[in-house]
S.K.: 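Have a look at this one before I ask anything.
Residue numbers run from 1 in the order of the sequence given. If you're wondering where the values come from, they're calculated on a predicted model, not measured in any experiment. Ligands are counted one by one from 1 in listed order, and the atoms in each one are counted from 1 as well.
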Amino acid sequence: MAKNKQAADALLASADGVQNGANIPAVAAPDTIEILTEDETNPPGHTPYDPTPKASAYAVALGQLNRVADFMDLEDDMRLYLRTCQRELIVHFPVKMDDDRVRMFTGFRVHHNTTKGPTKGGIRYHPDVTLDECRALAMWMTWKCALMDIPYGGGKGGVIVDPTTLSPRELEKMTRRYATEISPFIGPERDIPAPDVGTNAQVMAWIMDTYSMHRGYSIPTVITGKPVSIGGTVGRESATGLGITYITRSVLKQRLGRSLDDTTVAVQGFGNVGSWAARTMHERGARIVAISDKFGGIYNSKGIDLRMLQRHMAETGTVVGFNGSDALSNDELLSLDVDVLVPAALEGQITKHNAHRVRATILAEGANGPTTPEADEILADKGVVVIPDIICNAGGVVVSYFEWVQGLQSFFWDEGEVRRQMERILLSNLEAVIGTTTRRRCDLRTAGYIIAIERIAAAMKVRGFYP
Ligand code: NAD
């Protein structure tokens with residue numbers, strides 16, 4: 001198992017990477033899904049699915065929508081329409097493991113809304129993936145795409161699995177079978193997945209290949225975040241982290257009259273998003289004083305040497321134990337006295353239980369949905385500037401859009417062009433959000449939602465409710 005884990009880690013690292021309303025059915029029976037997933041015939045040694053209930057991400061997403069819908073006095077029809085996911089697919093599938101035994105997996109793909117175009121959103125491999133979480137993440141993708149004014153609705157998918165427990169061969173087989181199961185649901189004009197937690201460019205390549213094999217010709221535009229050698233775009237791997245840096249730098253300047261120079265930063269999560277956010281902020285003068293991953297965190301008030309940390313990560317698979325740093329817990333990291341806090345791990349990290357301990361001046365949401373609505377209120381009272389996920393981490397989907405456009409045209413841009421266009425789209429929409437905060441006297445998240453919802457509602461009005 002340790003050998004498998006190391007090999008899978010190396011593979012993953014190597015590729016370029018409330019309440020429910022009365023008129024909506026209760027969140028779909030997660031129990032059923034969990035029971036089906038935890039198959040007793042699974043070989044011993046596989047990480048069991050932990051059925052401990054956690055805060056519903058979908059409840060958080062609905063809570064955020066409800067708040068803004070009340071604030072902007074959204075019509076009931078539109079509110080009902082937007083709170084509901086349009087299509088939801090659950091798949092159960094077998095994979096023959098290395099020891100020749102069959103293991104059953106459960107996966108999902110959700111399309112939240114297709115008003116403005118095909119759906120777009122990541123694929124997550126994580127033991128805690130649920131339909132509820134996919135719904136929330138799909139809904140957040142709808143707002144993000146509309147706020148960036150790119151022609152997509154929101155989608156999301158995932159498989160209940162800890163990919164680090166699979167061998168590279170098992171990971172490929174599981175990915176190809178999952179891709180086969182969801183293939184009627186995806187496509188360049190239908191739904192275009194991308195990487196998310198636990199997946200990377202290599203996984204996207206397997207999905208692209210599987211989809212293409214079934215149709216008999218290469219269809220690179222079915223997925224984004226794939227390697228450049230098969231039609232990926234330069235600049236996609238760093239896009240989400242770099243976008244966080246562009247947005248944070250602009251907010252720092254506009255709100256506090258400060259630059260990134262010698263700004264202190266703490267980053268929770270050191271995967272694709274967290275590591276690129278840290279690296280690109282550091283390149284612009286910021287001091288990264290704390291970093292964590294799922295195993296724990298590290299702290300150095302003088303600044304963490306990111307180059308040496310990458311070397312340590314390659315050897316150990318974690319930031320924990322890095323020379324010249326003090327150990328700290330994820331909880332301690334969230335309450336550090338820093339200028340910028342970047343949660344870049346999972347949703348639901350800053351809640352009513354710990355928000356009062358946040359001491360950062362700016363909370364730049366790298367992850368999707370890291371802050372609950374109750375925490376938002378506490379942070380607002382404390383004067384913390386929250387840059388919401390739908391603008392802060394939108395660089396990833398913007399460059400995914402560029403990848404799709406380049407693929408459809410079979411004409412590829414250089415990295416300078418990708419970065420320039422991403423910065424232009426991010427900063428012009430940030431300006432629109434800041435303008436709305438002034439006009440409507442609201443926070444950045446509310447302003448972002450208002451713009452997104454108004455754009456979708458306008459499109460829906462001209463399309464009409466079919467039939
Ligand atoms: P990743 O798998 O590359 O990295 C996730 C990181 O979070 C790892 O370092 C992991 O150890 C850490 N982590 C997991 N659980 C943790 C915990 N409880 N506490 C602290 N750290 C923990 O994933 P990623 O692609 O970097 O995605 C991170 C977040 O950013 C997710 O919310 C994802 O939806 C969001 N996001 C990703 C992209 C993208 O382009 N990859 C784009 C937009 C948003």
Side-chain angles (χ1 to χ4, degrees), residues 8-9 12-13 15-17 50 54 57 60 120-129 133-134 136-138 140-141 144-145 148 154 156-158 161-164 193-204 224-226 232-233 235-244 247 266-279 290-298 309-310 313 316-320 328-334 342-350 354 364-371 388-401 403 422 426:
D9 279 348
L12 283 169
D16 54 4
D50 176 8
K54 59 173 192 165
V60 170
K120 185 95 194 70
I123 288 176
R124 180 172 290 195
Y125 289 172
H126 192 278
D128 294 342
V129 167
E133 181 183 67
C134 291
L137 290 162
W140 288 324
M141 283 304 294
K144 196 184 299 180
C145 293
M148 292 300 108
K156 205 79 182 190
V161 63
D162 178 352
T164 62
D196 192 73
V197 175
T199 58
N200 63 9
Q202 175 61 77
V203 172
M204 300 304 109
T224 61
K226 56 193 174 290
T233 183
R236 174 61 185 89
E237 194 204 339
S238 58
T240 309
L242 179 61
I244 293 168
I247 293 283
V267 182
Q268 184 201 40
F270 203 59
N272 173 280
V273 177
S275 64
W276 279 104
R279 184 164 155 184
I291 295 175
S292 68
D293 60 25
K294 64 182 171 190
F295 302 107
I298 54 172
L309 180 62
Q310 287 291 2
M313 286 274 301
T316 65
T318 172
V319 299
V320 175
L328 94 170
S329 69
N330 262 293
D331 233 28
E332 287 166 334
L333 180 141
L334 295 177
V342 185
L346 297 173
E347 59 271 9
Q349 296 298 303
I350 300 151
N354 60 5
E365 292 188 337
N368 288 312
T371 314
D389 48 5
I390 59 170
I391 184 134
C392 196
N393 70 27
V397 75
V398 167
V399 175
S400 270
Y401 165 60
E403 180 177 334
M422 172 174 86
L426 287 178

S.K.: Between the side chain of Gln268 and the main-chain N/O of Val342, is any donor-acceptor distance below 3.5 Å?
M.R.: no

S.K.: With only distance considered, is Asp196 within less than 3.5 Å of ligand 1 through an N or O on each side?
M.R.: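 Yes, Asp196 has an N/O under 3.5 Å of an N/O on ligand 1.
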
S.K.: Quick check: Asn368 and ligand 1, any N/O pair under 3.5 Å apart?
M.R.: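 It does: an N or O of Asn368 is found under 3.5 Å from an N or O of ligand 1.
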
S.K.: May I ask you to check whether Asn393 and Thr240 show a side-chain donor-acceptor distance below 3.5 Å?
M.R.: no

S.K.: Using a 4.0 Å heavy-atom cut-off, which part of Arg236 comes near ligand 1: side chain, backbone, both, or neither?
M.R.: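 Under 4.0 Å from ligand 1, Arg236 contributes side-chain atoms alone.
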
S.K.: Answer yes or no for His126: is there a heavy-atom contact with ligand 1 below 4.0 Å?
M.R.: no

S.K.: Would you say Lys144 has any N or O atom under 3.5 Å from an N or O of ligand 1, going by distance alone?
M.R.: no

S.K.: Just checking, any donor-acceptor pair under 3.5 angstrom between side chains of Arg124 and Thr199?
M.R.: no

S.K.: Under 4.0 Å from ligand 1, counting heavy atoms only, is it the side chain of Thr240, its backbone, both or neither?
M.R.: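 Looking at Thr240 and ligand 1, just side chain atoms fall under 4.0 Å.
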
S.K.: Return the minimal non-hydrogen interatomic distance between Pro163 and Tyr125, and the atom names on each side.
M.R.: CD-O, 3.6 Å

S.K.: Given Val267, Asn330, Val273, Val399, which has its nearest heavy atom closest to atom 26 (O) of ligand 1?
M.R.: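 It is Val273 whose heavy atom sits nearest to atom 26 (O) of ligand 1.
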
S.K.: Which pair of heavy atoms, one from Asp293 and one from Val319, lies closest together, and at what distance?
M.R.: OD2-N, 2.9 Å

S.K.: Report yes or no: does Ser329 contribute a side-chain atom to a donor-acceptor pair with the main-chain N or O of Glu332 at less than 3.5 Å?
M.R.: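 Indeed, once roles are kept as given, a pair shorter than 3.5 Å links the two residues.
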
S.K.: Where on Glu347 is there a heavy atom closer than 4.0 Å to ligand 1, on the side chain, on the backbone, on both, or on neither?
M.R.: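 Neither part.
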
S.K.: Any nitrogen or oxygen of Leu137, main chain or side chain, under 3.5 Å from a nitrogen or oxygen of ligand 1?
M.R.: no

S.K.: What are the atoms of ligand 1, with element, lying closer than 4.0 Å to any heavy atom of Asp293?
M.R.: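 Near Asp293, meaning under 4.0 Å from one of its heavy atoms, ligand 1 has 9 (O), 11 (O), 20 (C), 21 (N), 22 (C).
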
S.K.: Quick one, Phe270 and Lys294 - any side-chain contact, counting heavy atoms below 4.5 Å?
M.R.: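 The answer is no, as the side chains (C-beta and beyond) never meet within the 4.5 Å cut-off.
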
S.K.: Any donor and acceptor pair, going by atom type alone, linking the side chain of Glu365 with main-chain N or O of Asp389 inside 3.5 Å?
M.R.: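 Side chain of Glu365 to backbone of Asp389, a donor-acceptor pair under 3.5 Å: yes, one is there.
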
S.K.: Any donor-acceptor pair under 3.5 Å linking the side-chain atoms of Asp162 with those of Thr164?
M.R.: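 Asp162 and Thr164 do have a side-chain donor-acceptor pair below 3.5 Å.
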
S.K.: Hey, which atoms in ligand 1 end up nearer than 4.0 Å to a heavy atom of Gly198?
M.R.: 2 (O)

S.K.: Could you tell me whether Ala239 approaches ligand 1 through its side chain, its backbone, both or neither, with non-hydrogen atoms closer than 4.0 Å?
M.R.: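 No part of Ala239 is near ligand 1 at this cut-off.
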
S.K.: Given Gly271, Ser292, Gly348, which one has a non-hydrogen atom that is nearest to atom 5 (C) of ligand 1?
M.R.: Gly271

S.K.: Should Glu133 and Lys156 count as an ion pair when the cut-off is N to O under 4.0 Å?
M.R.: no

S.K.: Any atoms of ligand 1 less than 4.0 Å from a non-hydrogen atom of Arg124? List them with their elements.
M.R.: 31 (C), 32 (O), 33 (C), 34 (O)

S.K.: Taking the minimum heavy-atom distance to atom 7 (O) of ligand 1, which of Gly243, Ala345, Ser329 ranks first?
M.R.: Ala345

S.K.: Run the numbers for me: atoms of ligand 1, each under 4.0 Å from some heavy atom of Gly366, listed by number.
M.R.: 30 (O), 35 (C), 44 (C)

